[in-house]
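Numbering of residues begins at 1 and proceeds along the displayed sequence. When a ligand or atom number is given, it counts from 1 through the structure's own listing order.
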Amino acid sequence: MNNWLELNYVQTFQQLPNSLYSPVTPQALSNPKLVAASPACAALFGLDEASLNDDVTLKILSGQSLLSNWQPIAMKYTGHQFGYYNPDLGDGRGVLLSQVAFNHKTWDLHLKGAGLTPYSRQGDGRAVLRSSIREFLCSEALAALNVPTTRALCVVDTDTPVYREQAETGATVLRVSQSHIRFGHFEFCSFTQQTNLLKTLCDHVIAHHFNELLNKDSHNIYVDFFQAVLTRTAHLMAHWQSIGFAHGVMNTDNMSIIGDTFDFGPFAFLDDYDPSFICNHSDHQGRYAFNQQPNIANWNLAVLAQALLPLADKESLVNILEDYPSIFEQSYFEKMTQKLGLTGDAKTHQSIIENTLSMMKTCRLDFSYFFRQLANIHQPETHKHLRDLCLDITAFDNWFTAYKAALKQNQQALNSEHDDARKTRMNQVNPKYILRNYLAQNAITAAQNGDYSEVQKLFTILQKPFDEQTEFNHYANLPPEWGKTLEISCSS
Ligand code: AMP
Ligand code: MG
């Protein structure tokens with residue numbers, strides 16, 4: 001493990017033509033204070049944990065110092081926002097400081113909230129404390145849930161004023177990922193008719209992130225590339241749907257080409273199970289509602305396919321797109337099968353999975369809480385407790401009969417020697433602790449008053465979401481009513 005000065009910095013993105021980026025220098029923020037840091041993220045690129053409390057970290061995070069071998073840039077990209085093409089996008093408030101090579105991987109260090117860039121448009125280039133804390137906590141929580149995601153090294157608060165609906169303070173997050181390349185990068189190259197640039201970008205991404213394709217005896221590597229991106233994206237959607245994660249702004253500029261969860265805005269983990277839940281209050285049509293996410297990913301992939309048309313034949317791309325629903329469903333049903341404690345071929349469990357979700361909707365059961373409790377449903381007190389939570393007792397009773405039948409068909413039974421094994425399996429996929437909006441909000445309110453301890457505590461709990469951690473039981477409780485109706489501002 002190394003300190004900041006000892007890391008192996010590389011500038012791979014700068015090997016690409018400079019129409020894809022602009023050199024920038026972060027604009028410093030004043031009086032930085034460390035809110036929270038993730039040692040697990042630091043370990044990814046070989047930074048030692050002690051360095052997180054170092055003054056250098058604060059100086060880097062506040063844009064006050066750059067290391068001499070960095071060449072910071074803002075990336076140019078475009079994208080479809082709420083269905084409409086926007087040619088004017090790019091890193092408007094984020095700076096790719098440098099990249100670090102470590103253990104055969106390369107990690108981008110991207111400072112979000114670093115000030116104006118050529119792509120800032122009317123924005124101020126800043127990020128506020130509340131959205132920075134939410135991004136930090138959610139990135140690291142999703143990673144602990146084994147969901148592919150960009151990571152966050154730390155979040156820093158400052159004295160620099162930033163104006164949104166009211167005066168707030170500027171903050172930054174250091175986002176860490178193997179790539180910050182989005183679907184929107186490909187749209188930029190293609191829709192501005194820069195075919196050579198598009199090809200160069202594809203070759204770069206394949207070489208760095210899909211190099212398994214290079215050894216394939218292939219008819220057209222760009223078709224294979226599209227297939228690989230589609231597969232990763234379908235698996236990501238299955239992950240989100242199975243843990244009740246609503247992203248909120250699935251514009252194509254927020255879609256990672258390597259299949260990470262990317263760009264955290266008004267996201268939410270579901271409380272009461274409502275499939276058409278909309279976490280983004282500016283999304284009046286529900287374009288990005290929870291149950292639309294897999295379809296929207298498909299739509300976004302169609303935009304990517306269109307962008308790849310100069311390099312690949314339409315028929316092949318369309319054939320691949322047609323496979324998306326089955327790849328998503330296979331992955332999704334596998335995950336839901338595990339959540340229910342069932343084993344074997346996921347497709348055979350489709351009916352009990354749909355039955356369970358339908359009952360949860362009718363009964364307004366809390367998504368994560370229900371699945372975690374389900375591992376104990378053989379215990380009469382848990383069965384009674386879940387039943388008592390239901391708005392429709394008959395729906396619950398009918399479902400329970402069906403669930404017992406599904407277990408029996410699966411050579412399992414309640415009140416049997418299978419209970420412990422099933423519970424162990426289920427507890428590895430059904431988290432006890434999730435980043436509920438109200439928990440994030442409590443931590444943010446304390447932080448806005450200068451007390452960062454709740455952010456740090458929540459971060460610690462969410463590092464082990466599947467563990468009992470009984471001393472924190474109250475963080476796994478059902479949310480209070482006010483916590484279910486929180487409106488998260490999009491002005492981040
Ligand atoms: P987002 O909604 O965060 O995905 O951002 C959409 C676009 O707006 C991206 O190009 C961002 O860089 C840009 N953007 C968002 N907030 C700001 C800001 N405060 N200042 C400058 N650009 C911003
Ligand atoms: Mg974005």
Side-chain angles (χ1 to χ4, degrees), residues 20-22 24-29 63 72-97 108 110-136 138-139 149-150 152 155 158 160-175 177 179-188 191 246-258 260-268 278-283 287-288 293 296-297 300 303-304 488-492:
L20 285 169
Y21 58 87
S22 300
V24 288
T25 307
Q27 292 177 301
L29 297 105
I73 54 162
M75 291 177 168
K76 171 62 193 168
Y77 51 86
T78 63
H80 279 75
Q81 298 181 307
F82 289 89
Y84 296 96
Y85 185 62
N86 183 345
D88 290 328
L89 299 172
D91 287 333
R93 54 165 166 180
V95 172
L96 179 63
L97 293 175
D108 288 2
H110 175 104
L111 186 60
K112 193 164 174 183
L116 294 173
T117 78
Y119 317 114
S120 297
R121 294 177 291 159
Q122 285 83 22
D124 58 3
R126 296 302 188 199
V128 294
L129 181 61
R130 56 186 157 76
S131 65
S132 304
I133 289 174
R134 281 169 54 82
E135 170 142 8
F136 172 78
C138 195
S139 313
T149 179
T150 60
V155 50
T158 75
T160 301
V162 172
Y163 301 95
R164 296 292 181 259
E165 283 93 356
Q166 64 213 37
E168 301 189 43
T169 56
T172 62
V173 180
L174 193 75
R175 184 162 64 188
S177 164
S179 176
H180 277 72
I181 298 176
R182 312 147 187 255
F183 286 16
H185 280 87
F186 299 84
E187 293 171 72
F188 165 63
F191 299 162
H247 179 283
V249 200
M250 287 178 66
N251 293 332
T252 56
D253 56 304
N254 290 340
M255 296 291 291
S256 148
I257 200 70
I258 59 169
D260 275 350
T261 309
F262 197 56
D263 236 343
F264 296 89
F267 69 82
I278 303 166
C279 61
N280 182 348
H281 293 275
S282 2
D283 181 10
R287 180 179 172 88
Y288 299 137
Q293 297 188 131
I296 285 292
N300 290 343
V303 170
L304 180 64
I488 304 302
S489 167
C490 291
S491 59
S492 58

**OP:** Using modelled atom types only, decide if a donor and an acceptor are shared between the side chain of K112 and the backbone of L174 within a distance under 3.5 Å.
**Re:** no
Original post:
Just by modelled atom types, is the A74 backbone N or O under 3.5 Å from a matching donor or acceptor in the D91 side chain?
Top reply: no
Taking both backbone and side-chain atoms of [X], is any N or O found less than 3.5 Å from an N or O belonging to ligand 1?
{"X": "L89", "result": "no"}
{"X": "D263", "result": "yes"}
{"X": "G123", "result": "no"}
{"X": "R93", "result": "yes"}

Subject >> Test log, rule side chain to side chain contact (heavy atoms under 4.5 Å, CB included), inputs H110 and S177 >> reply: CA-CA 8 Å; H110 175 104; S177 164; over 6 Å; no
Subject >> Y288-F82 aromatic ring centre distance below 6.0 Å >> reply: yes
Original post:
Between H247 and F262, is the gap from one ring center to the other below 6.0 Å?
Top reply: no
Part of [X] with heavy atoms under 4.0 Å of ligand 1, whether side chain, backbone, both or neither:
{"X": "Y77", "value": "side chain"}
{"X": "R121", "value": "side chain"}
{"X": "T117", "value": "neither"}
{"X": "R164", "value": "side chain"}

Original post:
Quick one: nearest non-hydrogen protein atom to atom 19 (N) of ligand 1, plus distance?
Top reply: D124 OD1, 3.0 Å
Original post:
Can you name the residues that form a salt bridge (charged side-chain N to carboxylate O under 4.0 Å, His left out) with R175, not counting sequence neighbours?
Top reply: E135, D263
Original post:
Is the shortest distance from a heavy atom of G265 to ligand 1 less than 4.0 Å?
Top reply: no
Original post:
With a cut-off of 2.8 Å, how many protein N, O or S atoms neighbour the Mg ion (ligand 2)?
Top reply: 2
Subject >> Closest non-hydrogen atom pair between T158 and T160, with its separation >> reply: OG1-N, 3.1 Å
Subject >> Aromatic plane relationship, F191 with H80 - under 30° parallel, 30 to 60° tilted, over 60° perpendicular >> reply: perpendicular
